[in-house]
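So the structure is just underneath, and the comments pick up after that.
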2 protein chains.
Amino acid sequence: MDKFIAHILMVDDDDGIRSLVKKYLNENNFLVTTANSAENALEKIKIIKFDLIVLDIMMPGKSGLEFIMENKKKLETPVILLTAKGEAKERVEGLEVGADDYLPKPFEPKELILRIKNILNKTIKIDQKRVIEFENVKIDLNKFLIFKNNREFKINATEKVILEQMISYPGKTFSREDIGQLINLDKERSIDVVITRLRKKIEIDPKNPKFLQTIRGTGYVLWIE
Amino acid sequence: MDKFIAHILMVDDDDGIRSLVKKYLNENNFLVTTANSAENALEKIKIIKFDLIVLDIMMPGKSGLEFIMENKKKLETPVILLTAKGEAKERVEGLEVGADDYLPKPFEPKELILRIKNILNKTIKIDQKRVIEFENVKIDLNKFLIFKNNREFKINATEKVILEQMISYPGKTFSREDIGQLINLDKERSIDVVITRLRKKIEIDPKNPKFLQTIRGTGYVLWIE
DNA sequence: GTTATAAATTAAAATATTTTCACACATGAT
DNA sequence: ATCATGTGTGAAAATATTTTAATTTATAAC
């Protein structure tokens with residue numbers, strides 16, 4: 001797969017912060033475009049499809065908040081809000097309006113990077129990474145198919161939802177309750193069985209699961225990479 | 001990118017609220033331990049390093065307020081106060097004493113989550129080390145694995161929790177009771193057995209432990225570098 | 001060194017949890 | 001209606017973990 005370089009729009013009226021963040025993001029392999037006002041940002045959005053927007057909530061003129069409100073639906077672009085300290089109320093509102101994350105100023109550049117990566121991981125997977133490959137296994141979530149050693153297995157909606165979630169958070173432990181919520185099953189045994197069947201499809205050696213492992217007393221984890 | 005799961009202590013004398021909040025926090029990917037009194041909370045704080053404490057201000061016995069006053073300085077752990085309606089005075093006092101935030105009851109679980117995240121964002125070292133290396137030993141807490149001399153050992157949830165805590169406080173002595181609390185074991189021998197098992201996995205020479213040592217009459221310590 | 005006490009080790013038994021199996025039920029196709 | 005197929009369930013089997021107990025080993029005090 002080609003190396004994906006995310007294109008980020010950095011919107012802030014403060015020249016200092018703007019160029020600093022841009023520099024930092026560049027060093028971390030992001031392509032960065034900046035805007036010094038909400039209006040300016042809107043112009044750029046019209047012609048460029050960004051992968052993510054970093055937005056100062058306290059800009060003069062049209063506030064960052066309104067900006068998101070008006071454009072979030074059309075955008076389909078995740079937004080990280082930068083908030084000045086002490087504006088708790090607005091912060092919460094901003095989130096509910098649809099920001100994907102927010103970061104109180106002053107912030108560590110490193111922290112911003114982390115959050116950006118975090119969000120990109122989620123959104124990019126959801127939108128385009130519907131085919132996941134690891135070792136001899138290929139999972140096509142769109143087609144509900146798993147290919148393993150030249151054999152093809154069909155997965156059902158239940159199995160798909162579980163894989164979808166676990167693939168979004170590899171390494172995260174899902175309790176049975178978590179999984180039950182996902183697929184509307186509340187009997188623990190039933191969830192076990194779903195896992196067993198899934199293993200038969202994705203594991204090379206289902207008796208010794210390598211990818212979909214049990215954490216006894218805790219739940220299940222998916223290891224891919 | 002490692003996933004950090006925050007460990008939260010929920011202190012409330014009301015069983016209903018306690019379990020409700022615990023459930024909700026669990027669903028939102030927090031690890032939750034509960035206490036039903038300030039005294040009980042203190043016990044747990046002594047042995048577990050929490051990332052955040054949610055505290056009901058109106059508990060009987062030692063009030064939540066005193067509790068914070070006495071321990072806030074040592075704790076270094078952020079606290080969110082839950083306050084019953086109309087106790088404005090106390091609320092303010094609580095804040096001044098050092099709560100990091102407060103939330104009037106009744107509250108929306110969603111709002112609690114927001115505030116927790118907000119505080120954690122500020123306080124947590126984001127790239128928390130989940131992989132620890134010393135000499136020939138590498139412990140990957142995320143993957144429940146220990147690598148020692150090219151061999152790979154799997155640890156279970158019990159062993160992981162112990163390592164997790166001991167790694168947070170290298171050099172600190174944990175009594176058997178401490179460890180028992182952590183992993184819900186109360187038989188002393190059982191803890192010995194767990195330690196033995198752990199040593200087989202992390203020690204180069206399990207018979208002469210170098211890292212996980214016994215302090216006779218007192219407990220166990222982990223020495224890493 | 002001897003003795004008393006604490007801790008480590010081991011194996012076996014008891015318990016708890018997970019996996020698997022076989023059946024039952026539902027659904028949709030023929 | 002019958003059949004084939006897929007999915008959920010309970011129970012049995014397999015496995016992992018904890019407890020117990022017996023023994024050995026280590027430590028500290030005398």
Side-chain angles (χ1 to χ4, degrees), chain A residues 143-146 151-164 166 173-223, chain B residues 26 143-146 152-164 166 173-223:
Chain A
K143 297 186 180 163
F144 291 74
L145 285 179
I146 295 180
R151 300 230 293 131
E152 186 180 307
F153 300 84
K154 236 169 131 178
I155 54 173
N156 61 27
T158 301
E159 294 164 334
K160 187 201 132 192
V161 172
I162 294 175
L163 280 179
E164 205 160 34
M166 296 191 101
T173 307
F174 290 80
S175 69
R176 286 207 178 66
E177 209 187 339
D178 291 341
I179 295 171
Q181 289 249 9
L182 277 177
I183 60 178
N184 289 318
L185 278 186
D186 51 355
K187 307 287 188 309
E188 297 216 332
R189 292 314 107 231
S190 304
I191 291 157
D192 296 352
V193 173
V194 172
I195 296 290
T196 300
R197 286 175 180 154
L198 211 37
R199 278 180 178 149
K200 289 200 176 125
K201 295 174 185 174
I202 73 170
E203 293 288 348
I204 309 295
D205 176 4
K207 298 272 183 182
N208 291 69
K210 181 176 171 185
F211 309 122
L212 184 40
Q213 293 197 344
T214 304
I215 307 294
R216 177 172 258 249
T218 313
Y220 297 96
V221 192
L222 180 70
W223 299 114
Chain B
N26 279 150
K143 297 196 175 175
F144 293 76
L145 284 179
I146 294 181
E152 186 180 305
F153 300 84
K154 218 170 154 187
I155 55 175
N156 61 28
T158 301
E159 295 162 336
K160 187 199 129 188
V161 171
I162 294 175
L163 280 179
E164 206 160 33
M166 295 191 99
T173 308
F174 290 80
S175 69
R176 284 208 183 71
E177 206 189 339
D178 292 342
I179 295 171
Q181 285 251 17
L182 274 178
I183 59 179
N184 288 318
L185 284 187
D186 49 354
K187 308 293 185 305
E188 294 218 333
R189 285 322 92 234
S190 305
I191 290 156
D192 294 354
V193 174
V194 172
I195 294 289
T196 299
R197 268 201 321 250
L198 211 37
R199 279 179 175 149
K200 287 195 178 132
K201 294 174 184 173
I202 73 170
E203 293 289 349
I204 309 296
D205 175 5
K207 298 272 184 181
N208 291 69
K210 180 177 171 185
F211 309 122
L212 183 40
Q213 294 196 344
T214 303
I215 308 295
R216 173 170 257 250
T218 314
Y220 301 95
V221 193
L222 180 69
W223 297 113

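Per chain, numbering begins at 1; letters A, B, ... match sequence-line order.
- Within the structure, a side-chain polar atom (N or O) of B/Thr196 is placed less than 4.0 Å from OP1 or OP2 of C/dT9.
- Between the side chain of B/Arg216 and the base of C/dA6, a donor-acceptor pair under 3.5 Å is found.
- For the pair B/Ile195 CD1 and C/dT9 C1', the interatomic distance rounds to 14 Å; values are reported in whole Å.
- Rounded to an integer number of Å, the gap from NZ of A/Lys187 to P of C/dT18 is 18 Å.
- Heavy-atom minimum distance, B/Ser190 versus B/Leu185: CB-CD1, 4.0 Å.
- Atom CD1 of B/Ile215 is separated from atom P of C/dA8 by 11 Å (rounded to the nearest Å).
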A/Thr218/A/Arg176 under side chain to side chain donor-acceptor pair (under 3.5 Å): CA gap, chis, key distance, verdict: CA-CA 8 Å; A/Thr218 313; A/Arg176 286 207 178 66; over 6 Å; no

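- A donor and an acceptor atom, one from each side chain of A/Thr214 and A/Arg199, are located under 3.5 Å apart.
- In this structure, the CZ atom of B/Arg199 is 11 Å from the P atom of C/dA7, given to the nearest Å.
- Contact between B/Glu159 and B/Lys201 at its shortest, heavy atoms only, is OE1-NZ, 2.9 Å.
- When the nucleotides C/dA8, C/dT18, C/dT9 are ranked by their closest atom to the side chain of A/Arg176, C/dT18 comes out on top.
- When DNA chain D is scanned 5' to 3' for any atom under 4.0 Å from a heavy atom of chain B, the first and last hits are D/dT17 to D/dA28.
- Among the atoms of the strands shown, base atoms are found under 4.0 Å from some heavy atom of A/Arg197.
- Phosphate contact (OP1/OP2 of C/dA6, side-chain N/O of B/Thr214, threshold under 4.0 Å): absent.
- Distance, A/Lys207 NZ to C/dT18 P: 17 Å, rounded to whole Å.
- Residue B/Tyr220 has no polar side-chain atom (N or O) positioned under 4.0 Å from OP1 or OP2 of C/dA6.
- When the C1' atom of C/dT5 is taken as reference, atom CD of B/Glu188 falls 13 Å away, rounded to whole Å.
- With sequence neighbours left out, A/Lys200 forms a salt bridge (Lys or Arg N to Asp or Glu O under 4.0 Å) with no residue at all.
- The distance from atom NZ of B/Lys200 to atom C1' of C/dA11 is 11 Å, rounded to the nearest whole Å.
- Judged by the 6.0 Å and 45° rule, B/Lys210 forms no cation-pi pair with B/Trp223.
- Residue-level contact check: A/Ser190 touches the bases, meaning some heavy atom is under 4.0 Å from a base atom.
- In terms of heavy atoms, B/Glu203 sits closest to B/Leu212 at OE2-N, 2.7 Å.
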